[in-house]
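To start, the structure under review is shown below, and the notes come after it.
One is the number of the first residue; the rest follow in order along the sequence.
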Amino acid sequence: GLLNAVIASKQKLNVRFHLLANIHSSDGEKLLKLIHESGVSDNFVIYEKYVPYESFLEVVAKCDLVMPLLGPAVENYENYLNSQISASFN
């Protein structure tokens, strides 16, 4: 996925990804460890706790792109593929 593409890049990327979620979950801790071990920490802004809605909107407003993280584990995932949008696009 995205992280693998950043890791595989042979040149320093002029891009920063804001992970707007509390990183302290099972998956988040694994992701954080991989980011640090792979030497791509400069490309990621990590949030250590819940991001309040107002702060979330401020960060999103400054971003060039917004990529919701939707996958098959998300409830009603099939609907997102056809006719539903993520709240990140509202």
#### Entry: Set of residues satisfying ring pair (Phe, Tyr, Trp, His ring centres under 6.0 Å) with respect to F44, sequence neighbours excluded
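Here the qualifying residues are F17.
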### Query
V45 versus L19: any side-chain heavy-atom pair under 4.5 Å?
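Not touching, per the 4.5 Å side-chain cut-off.
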### Query
Is there a side-chain contact between N43 and I35 (heavy atoms, below 4.5 Å)?
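Sidechains of I35 and N43: no contact.
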Indicate every side-chain donor-acceptor pair of residues 57-72 with a distance under 3.5 Å to a residue at least two apart or in another chain.
none

### Task
Please name the pair of heavy atoms, one in L34 and one in L3, separated by the smallest distance, quoted to 0.1 Å.
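So the minimum-distance heavy-atom pair works out to CD2-CD2, 3.4 Å.
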#### Entry: hydrophobic_cluster_shared for L31 and V15, side chain cutoff 4.5 Å
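Looking at the clustering, L31 is in the same group as V15.
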#### Entry: ILVMFWY cluster, Y50 and Y47 together (side-chain gap under 4.5 Å)
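No; tracing contacts between hydrophobic side chains, which count when under 4.5 Å, never links both residues.
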### Residues forming a side chain to side chain contact (heavy atoms under 4.5 Å, CB included) with N76, sequence neighbours excluded
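Expected list: N79, Q84.
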#### Entry: Residue pairs, two or more places apart or on separate chains, that pass salt bridge (Lys or Arg N to Asp or Glu O under 4.0 Å) and touch residues 14-24
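Checked against salt bridge (Lys or Arg N to Asp or Glu O under 4.0 Å) - neighbours excluded - no pair reaches residues 14-24.
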### Query
What residue pairs, at least two apart or across chains, pass salt bridge (Lys or Arg N to Asp or Glu O under 4.0 Å) with a residue in residues 30-55?
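Every salt bridge (Lys or Arg N to Asp or Glu O under 4.0 Å) pair that includes a residue of residues 30-55, provided the two are not neighbours, is K12-D42, K33-E37.
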### Query
In chain order, what residues pass the side-chain hydrogen bond (donor to acceptor under 3.5 Å, both in side chains) check against S38, with sequence neighbours excluded?
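In terms of side-chain hydrogen bond (donor to acceptor under 3.5 Å, both in side chains), with neighbours along the sequence ignored, S38 is linked to no residue.
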